[in-house]
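Computed from a predicted structure; not experimentally measured. Throughout, protein chains are lettered first and strands after them, A, B, ... in sequence-line order, and every chain is numbered starting at 1.
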Amino acid sequence: MPALTLNNLHKNFGKARVIHGLNLTVEKGERHAIIGPNGAGKSTLFNLISGLYPVSTGDITMNGRTISNLDSHLIHRLGLSRSFQVTNIFMGMSVFENIRCALLWPAGLGYSFWHLCGRLKGVNAKAEAIIETINMMERRDVLADVLSYSEQRTLELGVTIASNPDIILLDEPTAGMSHSETEQAVALIRKVTEGKTLLIVEHDMSVVFDLADRISVLVYGNIIATDSPEKIRNNPAVQAAYLGSSIKTTTC
Amino acid sequence: MSSSIQNPGPSKIPCYGIWCVFALTIMLLPFFFTSRFSISLFSQIGISCVFALSYNMLLGQGGMLSFGHAVFMGLGGFIAVHALNLISENTLPVPLELLPLIGGLGGAFFGSIFGYLCCRREGTPFALITLGIVELFASGALMFPSFFGGEEGVSGNRMIKNTLTGFDFGSEIEVYFLIGSWTFLCVLCMYLQTQTPLGRLANAVRDNPIRASFIGYNPSHVRFLQFVLSGFFAGTAGGLFIIRYEIIAYDALGLVPSGNVLFMTYIGGVGHFMGPILGAILISILQLVLIHYTEAWQLYFGLLFMAMVLWAPGGLSWLLIVHQPVWKAGLMSKLLPSYLQALATGLIFFLGLIIFIEINYHLSLSIEPGAPLELFGLVMDGHSVVPWSTAISCLILGLWLFRHSVKMVAAQWDAVMVIITKKTLER
């Protein structure tokens with residue numbers, strides 16, 4: 001059973017048809033990249049899958065279960081987590097508290113107002129372990145608001161994976177990073193998504209071709225090709241529609 | 001200043017010491033300030049602390065700007081006064097000491113009803129719905145005199161036989177200790193709530209509701225639960241109000257008390273747990289003291305609120321927090337001269353403002369506008385040029401001097417920050 005199936009998906013904003021008739025299958029455990037020019041509908045697609053936008057028509061299934069038009073928090077509880085194109089963390093909280101907040105629901109604490117967070121030894125230890133994994137131990141008690149940009153992006157990745165989701169959606173995780181920061185980010189993504197299903201939107205072709213098992217090319221709200229990185233690189237339709245010669249210059 | 005800003009969250013309050021000091025302060029205050037007025041003031045401060053902290057559960061913790069929080073204190077108060085009357089008639093077997101709990105449950109009940117309506121929205125729509133609720137109750141209360149008592153309100157008698165402690169609560173001091181105990185308990189519970197998953201999630205939803213939903217939480221549900229708990233503590237404050245005053249009327253549900261709690265919380269500071277307590281203390285004292293001296297006390301409140309929003313938007317607690325590193329570095333002596341200068345020049349401006357306001361109030365609103373006005377022990381004639389010219393001179397001179405003083409304060413502050421930064425880097 002595929003991890004994610006998008007069947008004849010449509011999304012309209014008024015008269016604007018942003019996604020129309022999109023079909024996509026993401027297999028369990030694969031790293032699947034979505035590429036496409038600006039305005040192709042990549043972020044909209046992520047927002048549809050994660051429940052941020054309601055679907056106009058069509059179906060989205062996750063591990064065989066329909067999740068179209070479910071609320072975001074319910075989709076998250078089913079095992080899908082995501083990051084955003086613009087950093088999306090709790091800026092008024094420390095690194096530790098950001099991660100701990102993400103662990104409260106999976107720990108079964110719900111909306112408890114009778115447990116003291118300081119005494120949740122298991123949750124706190126797990127939060128420490130995640131901070132260690134994302135190499136932010138030295139910044140443990142620093143407010144997220146004053147972290148550097150790449151640290152904030154790393155923290156967002158930590159928050160995204162904290163609940164141990166089956167499916168991870170990353171929206172341009174290396175956007176705005178320097179070359180060395182990007183390399184570190186890719187290594188970290190590879191490490192924390194080991195054994196998980198990853199769907200990633202990324203503009204940096206070196207990241208895409210480095211990480212992805214399969215690539216889908218989204219142009220004007222529809223997928224024009226889905227294949228292995230090598231075949232996508234040599235696909236004339238893809239080159240004509242989106243990549244042109246840049247694919248060879250960035251990766252060969 | 002440290003090179004990286006550490007999290008200044010509420011957990012920074014030292015665990016046990018400060019609570020012992022707090023309890024001791026409540027216990028010892030009436031032995032140092034023995035007058036009836038002081039004890040009455042302390043009781044009022046206790047009620048205001050609970051009310052303001054309950055409001056901060058919405059505004060500070062959850063980012064919910066409510067214009068109708070007094071509705072829950074008022075409804076808690078009305079339920080408590082009816083309960084008190086039932087206890088007096090021996091119909092309800094509850095000791096007087098637990099009356100605030102009945103008010104709290106009433107506040108939580110109505111909090112759950114109106115929270116269900118409000119909490120589906122955030123930001124401006126939320127604020128407007130709460131405004132609608134307060135208007136609904138302020139105007140609708142008079143239509144149900146059997147419950148709200150019409151214009152006279154509903155009164156009760158706290159001197160009943162059914163008590164846990166054996167006191168008859170006929171004296172101010174007994175009432176004070178009962179209110180003080182409840183204040184301590186409520187403040188402790190509200191502080192502990194900030195340390196629970198719901199308390200932390202309220203912060204999370206305030207900061208970023210979208211991310212909150214992508215860690216598995218429904219932001220509306222978090223807001224709702226926070227609203228109900230806040231209603232509970234506001235209702236408890238209503239119950240304490242009944243024990244203190246033994247009467248409540250429809251105006252307790254209106255915009256004025258809702259505005260007052262917003263003043264208290266904002267002036268004290270929404271960003272720190274201690275903020276609303278500071279605000280409640282300051283506003284309660286000002287309210288009870290100013291009301292004896294001027295009819296324009298609400299105008300002064302408004303000016304204070306505007307000044308805080310403009311120059312200290314984080315409130316009194318923020319002012320204390322930003323001075324903490326200066327204090328620790330032993331550099332307060334470098335700031336004090338410029339502060340004193342700013343204070344002196346500010347007072348000149350304020351003096352002019354007071355004369356200006358009081359003469360205007362006297363001429364337009366007093367019973368005898370032709371009679372001379374007594375201000376600061378001086379007799380002033382509102383029809384004479386002297387007080388007007390004094391007021392205008394003080395205003396202009398004070399403002400001019402104050403602007404210069406503020407520049408000096410800013411320069412001194414920058415110099416002190418440079419020293420602190422250097423010291424931190426040397427370490």
Run the side chain to side chain contact (heavy atoms under 4.5 Å, CB included) test on A:V159 and B:F214 for me, step by step, so that the C-alpha distance in whole Å, both residues' side-chain angles and the decisive distance to 0.1 Å come before the verdict. CA-CA 9 Å; A:V159 172; B:F214 283 102; over 6 Å; no
Counting heavy-atom pairs under 4.5 Å to chain B, which of A:A162, A:G51, A:A144, A:A102 comes out on top? A:A102
Can you give me the closest heavy-atom contact between B:P197 and A:L109, atom names plus distance? CG-CB, 4.2 Å
Which residues from residues 105-120 of chain B are near chain A, with near meaning under 4.5 Å between non-hydrogen atoms? none
Can you tell me which portion of B:L225 sits under 4.5 Å from chain A's heavy atoms? Options are side chain, backbone, both or neither. side chain
Taking only heavy atoms into account, what residues of residues 66-89 of chain A are found under 4.5 Å from chain B? A:S72, A:H73, A:H76, A:R77, A:S81, A:R82, A:S83, A:F84, A:N88, A:I89
Compare all side-chain heavy atoms of A:C117 with those of B:R200 and state whether any distance is below 4.5 angstrom. yes
Which heavy-atom pair separates A:E156 from B:R211 by the least distance, and what is that distance? OE2-NH2, 3.1 Å
Grab the two heavy atoms, one from B:Y217 and one from A:G110, that are nearest each other, plus how far apart they are. OH-O, 2.8 Å
Given B:T196, which of A:L116, A:L104, A:L120 fulfils the side-chain contact (heavy atoms from CB on, under 4.5 Å) condition? A:L116
What residue, out of A:A107, A:C101, A:G118, has the most heavy-atom pairs lying under 4.5 Å from chain B? A:C101
A:S112: side-chain hydrogen bond (donor to acceptor under 3.5 Å, both in side chains) partners, not counting sequence neighbours: A:H115
Could you name each residue pair satisfying side chain to side chain donor-acceptor pair (under 3.5 Å) that touches residues 223-238 of chain B, not counting sequence neighbours? B:Q61-B:Q226, B:Q193-B:Q226
Any chance you could measure A:S163, atom OG, to B:I215, atom CD1, to the nearest 0.5 Å? 9.0 Å
Compare every heavy atom of B:N218 with every heavy atom of A:Y111, then report the nearest pair and how far apart it is. OH-N, 3.1 Å
Sidechain-backbone polar pair: B:N208 side chain, A:F90 backbone, donor-acceptor under 3.5 Å: no
